[in-house]
Amino acid sequence: MSVDYTLYLVTDSCILKGRDIFVAVEDAIKGGVSLVQLREKEISSLDFYHMALKMKALTRCYKVPLIINDRLDIAIAIDADGLHVGQDDLPVDVARRLLGKDKILGYSVSNIDEAVYGEKNGANYLGAGPIYPTGTKLDAVSPIGIDNLKRIVESVSIPVVAIGGIGITNIHEVSQSGADGASLISAILGKDDIQEASIGLRGLWGK
Ligand code: 3NM
């Protein structure tokens, strides 16, 4: 499957401060988001399942793939396009085995060893980070910086998406690193005008 990783939105309901997540994601897609990951850490399995089903119906309308964070069961239950696992989630090879070979599997890494391991064990893409300081993921490791991002990109042949603290002031630098895309939460969902924010970020990629 050919996937456009350029502007990869990760959701976080907390940052929306009560705004509707489906309206927010639709606005982001209209602004140029090319991939969506549903990442909800604070809700029940039942709520996650219903949210994921509805999100799949929305993203499908725009032909944007939907990735589920961490929850293999939910990814399978709603027939999502893929799953993203982190270092503390199911092992990436186990996730691949259970998910099947045709789905997109992402793996979070912050160094070369993890990157090479992820590629060898069935990941389709890597989420590398955090690149910059971020207030959104409180248990994130220290920022790895652009030079380490470049080293990770050079160490694997699968796509690498940068994450962590990316916004309007630094997305251009990320796009020059060799990464295939930028993954963002607050620089999109934390803004008053989500569509405008997405258009601005998309426009800076690669320029
Ligand atoms: N994962 P923001 S950093 C969900 O380094 C997540 O793996 C990270 O949010 C990692 O774009 C992060 O607001 C938070 O900084 C990204």
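Note that ligands are numbered from 1 as they come in the structure, with each ligand's atoms numbered from 1 the same way. Note that this is a predicted model, so its numbers are computed, not measured.
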Novice: Are a donor atom and an acceptor atom from the side chains of Ser13 and Glu40 found within less than 3.5 Å of each other?
Specialist: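 There is such a pair between these side chains.
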Novice: Give the residues near ligand 1 by chain and number, with the criterion being a heavy-atom distance under 4.0 Å.
Specialist: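 For ligand 1, the residues that come within the 4.0 Å heavy-atom cutoff are Arg39, Gly129, Pro130, Thr134, Thr136, Lys137, Ile163, Gly164, Gly165, Leu184, Ile185, Ser186.
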Novice: Could you tell me whether the side chain of Val109 reaches within less than 4.5 Å of the side chain of Val160, counting heavy atoms only?
Specialist: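 The answer is no, as the side chains (C-beta and beyond) never meet within the 4.5 Å cut-off.
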Novice: Any side-chain heavy atom of Asp81 within less than 4.5 Å of one from Leu35?
Specialist: no
Novice: Might you confirm whether atom NZ of Lys120 has over 12 heavy atoms from other residues, nucleotides or ligands at distances under 6.0 Å?
Specialist: no
Novice: Which one of Leu83, Leu105, Leu90 satisfies the side chain to side chain contact (heavy atoms under 4.5 Å, CB included) criterion with Arg96?
Specialist: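 Testing each of Leu83, Leu105, Leu90 against Arg96, the sole residue satisfying side chain to side chain contact (heavy atoms under 4.5 Å, CB included) is Leu105.
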Novice: Assign the ring pair Tyr117 / Tyr107 to parallel, tilted or perpendicular, where the plane angle (0 to 90°) is split at 30° and 60°.
Specialist: tilted
